[in-house]
Protein chains: 2
Amino acid sequence: MKYQKIPEATIRRLSRYSRCLEEMEESGEEVVSSAQLASRCMVNAAQVRKDLAYFGEFGIRGVGYHVKNLLNDIKRILGSNKEWRMAVIGVGNLGSALLSYKDFLKQNYKIVASFDIDPPKVIGRVSEKLGKPVEIFHVNRLKEIAKERKIEIGLITTPPSEAQSVADLLVEAGVRGILNFAPTQIVVPEGFVVKDVFFTTILDNLAYLLSNN
Amino acid sequence: MKYQKIPEATIRRLSRYSRCLEEMEESGEEVVSSAQLASRCMVNAAQVRKDLAYFGEFGIRGVGYHVKNLLNDIKRILGSNKEWRMAVIGVGNLGSALLSYKDFLKQNYKIVASFDIDPPKVIGRVSEKLGKPVEIFHVNRLKEIAKERKIEIGLITTPPSEAQSVADLLVEAGVRGILNFAPTQIVVPEGFVVKDVFFTTILDNLAYLLSNN
DNA sequence: TCAATTTTGTGACTCCTTTCACAAAACTTG
DNA sequence: CAAGTTTTGTGAAAGGAGTCACAAAATTGA
């Protein structure tokens with residue numbers, strides 16, 4: 001295998017494979033072929049093999065892939081085998097929903113702090129939801145707490161008007177990854193990564209497909 | 001302009017242009033060039049023009065595009081000019097956050113009903129949040145209410161274990177569009193459309209980028 | 001009115017992604 | 001152990017998507 005640039009789409013699919021493999025592992029399946037995994041993930045079997053080929057050889061010809069091993073390998077590739085420490089900034093409706101979002105716990109994504117301009121307002125509701133409540137700090141302590149708690153990813157769930165200034169704070173605090181739920185484009189320096197989650201963009205997509213089919 | 005298949009990516013970008021144009025309209029800008037719009041949306045100027053060219057000619061050579069007209073045209077193309085009637089199924093933390101999600105109101109996406117297995121549990125919290133509270137029905141009334149209220153898009157925010165059966169109900173009720181927040185693959189017949197919003201998939205993406213840069 | 005300027009719309013090119021097709025490798029069975 | 005079967009890994013082909021570069025169209029100003 002020679003080195004090549006890895007397509008963004010490949011990474012997205014790896015995450016999908018990872019999820020499917022987890023389900024398979026839970027239901028006790030030990031070996032899986034590229035064709036089985038592909039049909040489960042709604043992709044082409046050659047695609048599965050090619051995606052994996054970017055990173056090495058993981059299968060046994062004539063047999064397939066060991067579910068457990070492949071899952072580990074994919075998680076190692078994605079970097080989702082380690083625990084990622086996250087903070088939520090903006091503890092409104094969406095923010096507090098994320099604080100108690102169960103799928104984060106199953107995967108290795110852990111929210112270790114949260115921030116708001118008006119911290120006390122929601123403490124009660126959040127702590128009642130979880131076994132171990134996530135503390136809510138005032139935003140002006142973001143830099144301090146982010147360093148202290150080694151936060152690596154920030155989830156921005158503020159109103160759009162505040163998103164860029166929160167992003168600036170995160171950058172200043174050295175938080176290199178941002179998941180932006182605020183429906184506005186934010187800009188960060190080289191070396192930092194922003195991924196947007198814009199519900200209305202996805203709805204626009206759906207609306208287009210529904211209008212034209 | 002001859003007919004061509006329109007790339008999925010083009011549709012996503014149109015939604016982005018739409019958002020930028022809205023901001024421009026609000027700030028009183030009347031005319032915009034492809035270069036300006038492009039830099040604002042972080043894409044190539046030729047890309048903007050090509051995306052639009054799939055659907056016709058909207059600009060004036062030597063001048064640019066009229067913000068207002070272009071915005072209308074794009075919304076018409078996307079189908080986001082009409083009001084879309086939606087339902088939330090699964091009124092947990094995420095579901096109720098969506099019920100009071102402000103950006104839906106600004107765009108033409110309206111939640112007109114919600115469903116849960118245990119409807120009364122959250123009524124108080126939801127209704128207190130909004131001017132006009134969204135009613136919560138028992139899931140077994142989904143088909144009935146969906147038809148009555150002309151629901152076109154369903155937002156699935158149940159636990160993953162229930163997602164497929166909820167999708168089946170939506171299909172049965174003739175709800176053609178599904179936005180799936182439950183972290184599991186769901187299957188629908190030809191003619192129905194599912195878009196997934198998997199937070200952990202996006203985090204996996206982020207994790208990969210952070211691990212390898 | 002006409003030359004200079006601006007900016008669109010688009011054919012051609014390049015680059016990237018997916019699919020195909022088959023040799024190579026491992027396992028199975030008699 | 002050898003022939004048959006299965007399934008991987010991968011070069012080559014096909015298919016899409018993004019960028020470039022320029023003619024065409026509109027405006028401006030003298």
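Keep in mind that what you see is a predicted model, and the values were worked out from it rather than measured.
One can place OH of A:Y65 at 16 Å from C1' of C:dC27, the figure rounded to the nearest angstrom. Protein atom CZ of A:F58 is 13 Å distant from nucleotide atom C1' of D:dT8, rounded to whole Å. The CG-C1' distance, from B:L70 to C:dT7, rounds to 14 Å in whole Å. Rounded to an integer number of Å, the gap from CD of B:E57 to C1' of D:dA24 is 10 Å.
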Along nucleotides 17-23 of chain C, 5' to 3', which nucleotides get a B, which get an S, and which get a -, given that the test is a protein heavy-atom distance under 4.0 Å?
SSBBB--
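At C:dT8, one or more side-chain N or O atoms of B:S34 fall inside 4.0 Å of OP1 or OP2 (strictly under the cut-off).
For the pair A:E30/A:M24, no side-chain contact is recorded, criterion being any heavy-atom separation below 4.5 Å from C-beta on.
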Worked verdict on A:I89 versus A:L169 for side chain to side chain contact (heavy atoms under 4.5 Å, CB included)
CA-CA 10 Å; A:I89 303 94; A:L169 285 175; over 6 Å; no
Go through it in stages, so that I can follow the logic: the residues are B:F104 and B:I111, the test is side chain to side chain contact (heavy atoms under 4.5 Å, CB included), and I'd like the CA-CA distance, side-chain angles, deciding distance and then a yes or no.
CA-CA 8 Å; B:F104 287 157; B:I111 297 173; 4.0 Å; yes
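Cation-pi contact between B:R141 and B:F115: absent, since separation from the ring centre below 6.0 Å together with deviation from the ring axis within 45° is not met.
Residues B:S80 and A:D204 approach most closely at CB-OD1, 3.6 Å, considering heavy atoms.
Of the candidates A:F198, A:F199, A:F181, A:F199 is the only one forming a ring pair (Phe, Tyr, Trp, His ring centres under 6.0 Å) with B:Y101.
For B:I60, the listed nucleotide lying nearest its side chain is D:dA26; candidates were D:dA26, D:dG9, C:dT7.
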